[in-house]
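Reviewing the structure listed below.
Order of the sequence lines sets the chain letters (A, B, ...), proteins ahead of strands, with each chain counted from 1. Everything quoted here is computed from the prediction, not taken from an experiment. In what follows, every heavy atom counts, from backbone to side chain, and hydrogens, waters and symmetry copies are set aside.
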2 protein chains.
Amino acid sequence: MTFRQDIHSSGIPVLCFPCEARRRGVCGALDPDNLVGLAKTCSRRRIESGMELTGEAQNVDSYSNVLSGVVKLSKSLSDGRQQIVGLQFAPDFLGRPFKEESSINAEAATAVTLCSFPRAAVERMMKASREFEHRLLKQTLNELDEAREWMVTLGRKTAPEKVATFLLMMARNIDSSLDAASGSASFDLPLTRAEMSDFLGITSETVSRQLTRLRADGVIRIENARHVTVDSISRLEKRCGGGRERP
Amino acid sequence: MTFRQDIHSSGIPVLCFPCEARRRGVCGALDPDNLVGLAKTCSRRRIESGMELTGEAQNVDSYSNVLSGVVKLSKSLSDGRQQIVGLQFAPDFLGRPFKEESSINAEAATAVTLCSFPRAAVERMMKASREFEHRLLKQTLNELDEAREWMVTLGRKTAPEKVATFLLMMARNIDSSLDAASGSASFDLPLTRAEMSDFLGITSETVSRQLTRLRADGVIRIENARHVTVDSISRLEKRCGGGRERP
DNA sequence: CGTGTCATTGATCAGTTTCAAGAGTTGTGG
DNA sequence: CCACAACTCTTGAAACTGATCAATGACACG
């Protein structure tokens with residue numbers, strides 16, 4: 001893979017200049033020098049939906065930034081039962097530092113663009129830039145918060161609430177309609193019914209039934225099984241089963 | 001709270017010398033100078049079972065190391081449903097850095113000893129010692145792994161498997177019998193049936209029934225509702241519903 | 001225009017919850 | 001030291017939610 005390594009007048013590699021990971025991701029931690037060093041080793045890859053990025057119990061030889069698309073992280077039991085334990089959107093950092101092998105499965109849920117770095121380069125960067133490690137810590141803490149939030153959904157919510165919670169999460173993460181605070185959202189689901197069921201800890205039939213119910217109740221519109229429109233986010237929120245304690 | 005601030009010949013505060021957090025926790029990151037600085041601000045506290053350490057949506061004004069006992073982290077929905085999202089054992093670091101207020105509830109599940117530091121002191125230490133932040137990152141990554149592992153239990157395991165998985169986790173964390181690899185374990189449950197149910201996403205009645213079943217099947221012995229003995233860990237493992245993919 | 005994958009819908013079934021009652025424990029005060 | 005109160009735990013029966021099994025429908029692709 002070849003790309004221009006010209007240095008922009010600001011000292012930032014052209015490849016990195018428009019990159020989301022520089023603004024909001026871990027690369028924002030790097031000064032131009034470090035960024036140039038890392039950019040030399042990186043490779044941009046487009047990955048088709050359904051491709052496996054890292055298998056469970058597989059060696060980790062690279063880390064990546066998610067530049068577009070959705071990556072699903074999953075774990076499975078030996079009898080085939082599967083649980084999706086997280087979704088990553090741009091500009092999340094993908095990979096588990098400080099461990100020889102991954103304990104989770106990473107797979108492209110949609111078409112995905114990654115900016116990948118060899119393991120060694122990331123480890124060098126982690127040593128070189130304190131801010132880099134700091135950002136990693138912050139992202140990890142956020143992921144931990146999200147994981148725990150999801151544990152409440154998995155352990156304590158009913159099937160209708162689970163599906164509503166998922167839709168709300170999607171509306172907040174990948175709403176393609178421009179009007180942010182308009183109270184409505186419209187988006188393509190990045191997951192199949194079966195994947196949603198693995199995320200929510202229910203069956204795909206139940207997911208389907210609950211979506212049908214939400215449509216019948218006028219909470220959502222389903223254009224073509226993949227595309228969903230939520231006219232009133234607040235109505236959807238009411239179906240998520242109450243948030244934090246103390247109103 | 002007063003304590004001797006004498007400096008041991010090694011330069012390590014006497015209070016810290018025997019401390020588990022120095023050997024395996026975040027304090028191990030600190031050189032004697034930093035350790036002395038931090039020790040000046042710390043206070044050792046004994047907390048009775050059931051006391052709340054940090055409420056949801058409450059300001060975080062201190063961080064702690066868990067020195068003994070078990071701390072339970074939970075989240076709850078507005079209608080009272082509760083989910084325990086993690087347990088912390090010695091010498092875990094307790095608290096959520098970089099956030100004004102906690103989004104989870106921390107409560108002493110058993111009697112607990114803490115070594116608490118004012119927020120500012122920890123933040124100073126995080127700036128002063130790179131290794132300190134590094135250890136925090138490592139612990140956070142481990143907690144994330146554990147949270148995701150638990151998501152599989154919550155989302156994809158049956159009630160019998162959930163209870164077995166919980167017992168196995170306890171056997172590994174707080175086995176009081178000395179013989180480590182003997183294949184047996186004996187311990188006091190740190191949680192009531194109701195708390196176990198909130199951890200496992202089932203009802204306390206179901207927990208009770210499953211424990212009864214495990215006892216009837218000879219997998220565990222129940223001495224007094226709180227104390228459990230597992231004679232064969234491997235038999236217990238078989239009831240956890242299969243671990244990782246690919247045997 | 002098959003063929004295969006994914007989604008919907010229906011009917012039945014099983015596991016878990018709910019409701020209810022009783023058995024064990026623990027602590028308190030007479 | 002015993003009796004009573006307050007819990008926690010166990011057990012049973014009925015009710016329900018969500019799973020399973022099965023058939024059909026929708027859509028994309030060769």
Side-chain angles (χ1 to χ4, degrees), chain A residues 48-50 72 77 79-84 107 109-111 153-167 188-217 220-228 239 241, chain B residues 48-50 72 77 79-83 109-111 153-167 188-217 220-228 239 241:
Chain A
E48 291 313 308
S49 167
K72 85 185 201 220
L77 300 172
D79 61 3
R81 282 176 287 178
Q82 205 177 36
Q83 175 67 45
I84 294 180
E107 184 182 323
T110 64
T153 302
L154 286 173
R156 285 304 183 204
K157 290 191 183 177
T158 64
E161 288 167 347
K162 284 178 174 182
V163 172
T165 304
F166 175 76
L167 290 176
D188 275 324
L189 293 168
L191 305 182
T192 65
R193 301 290 186 269
E195 288 172 321
M196 286 188 242
S197 76
D198 283 339
F199 195 22
L200 296 167
I202 53 182
T203 60
S204 65
E205 290 94 329
T206 299
V207 172
S208 202
R209 278 185 247 273
Q210 297 310 328
L211 286 173
T212 303
R213 199 146 90 79
L214 285 170
R215 184 188 50 188
D217 294 355
I220 60 174
R221 279 178 288 150
I222 303 179
E223 262 91 70
N224 63 9
R226 265 310 174 101
H227 194 89
V228 171
R239 305 216 167 205
Chain B
E48 291 313 307
S49 167
K72 85 183 202 225
L77 300 173
D79 61 4
R81 282 176 287 177
Q82 206 177 34
Q83 176 67 46
T110 64
T153 301
L154 286 173
R156 284 305 182 201
K157 290 191 183 177
T158 64
E161 288 167 347
K162 284 178 174 181
V163 173
T165 304
F166 175 76
L167 290 176
D188 276 323
L189 293 169
L191 304 183
T192 65
R193 301 291 186 269
E195 288 171 322
M196 287 188 242
S197 77
D198 283 338
F199 195 22
L200 296 166
I202 53 183
T203 60
S204 64
E205 291 94 328
T206 300
V207 172
S208 201
R209 279 184 247 274
Q210 298 310 328
L211 286 173
T212 304
R213 198 147 91 79
L214 285 170
R215 184 187 50 189
D217 295 354
I220 61 174
R221 279 178 288 151
I222 302 179
E223 263 90 71
N224 64 7
R226 266 313 174 97
H227 194 89
V228 171
R239 306 211 167 211

Roughly, in whole Å, what's the span from [atom1] in [X] to [atom2] in [N]?
X: A/D198; N: D/dA19; atom1: CG; atom2: C1'; result: 14 Å
X: B/H227; N: D/dT8; atom1: NE2; atom2: P; result: 21 Å
X: B/L214; N: D/dT10; atom1: CG; atom2: C1'; result: 15 Å
X: B/R213; N: D/dT11; atom1: CZ; atom2: C1'; result: 15 Å
X: A/K157; N: D/dT17; atom1: NZ; atom2: P; result: 18 Å
X: B/I202; N: C/dT16; atom1: CD1; atom2: P; result: 8 Å
X: A/R81; N: C/dG15; atom1: CZ; atom2: C1'; result: 13 Å
X: A/R156; N: D/dT17; atom1: CZ; atom2: P; result: 16 Å

With a 6.0 Å cut-off (strictly less than), is the heavy-atom count around CZ of B/R239, excluding the residue itself, greater than 12?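 Yes.
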Do any N or O atoms from the side chain of A/T212 and from the backbone of A/S208 form a donor-acceptor pair under 3.5 angstrom?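 Between the backbone of A/S208 and the side chain of A/T212 there is a qualifying donor-acceptor contact (under 3.5 Å).
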Distance in Å, [X] [atom1] paired with [Y] [atom2], rounded so as to fall on 0.5 Å steps:
X: A/E205; Y: A/R193; atom1: CD; atom2: CZ; value: 12.5 Å
X: B/K162; Y: B/T158; atom1: NZ; atom2: OG1; value: 8.5 Å
X: A/Q83; Y: A/L154; atom1: CD; atom2: CG; value: 5.0 Å

Walk along nucleotides 4-12 of chain C from 5' to 3' and tag each nucleotide B, S or - by protein heavy-atom contact under 4.0 Å, base first, then sugar-phosphate. ---SBBBB-
Can B/L200 and B/T206 be said to form a side chain to side chain contact (heavy atoms under 4.5 Å, CB included), step by step? CA-CA 10 Å; B/L200 296 166; B/T206 300; over 6 Å; no
Looking at A/K72 and A/D198, is any side-chain nitrogen of the basic one under 4.0 Å from a carboxylate oxygen of the acidic one?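 Answer for the salt bridge query: no.
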Are the side chains of B/E161 and A/R81 in touch, meaning some heavy atoms are under 4.5 Å apart?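 Sidechains of A/R81 and B/E161: in contact.
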I'd like to check A/F166 versus A/T153 (side-chain heavy atoms, cut-off strictly below 4.5 Å). Are they in contact?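 No, their side chains stay 4.5 Å or more apart.
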Below 3.5 Å between N/O atoms, which protein atoms pair up with nucleotides 25-30 of chain D? Just atom names and distances, please.
none

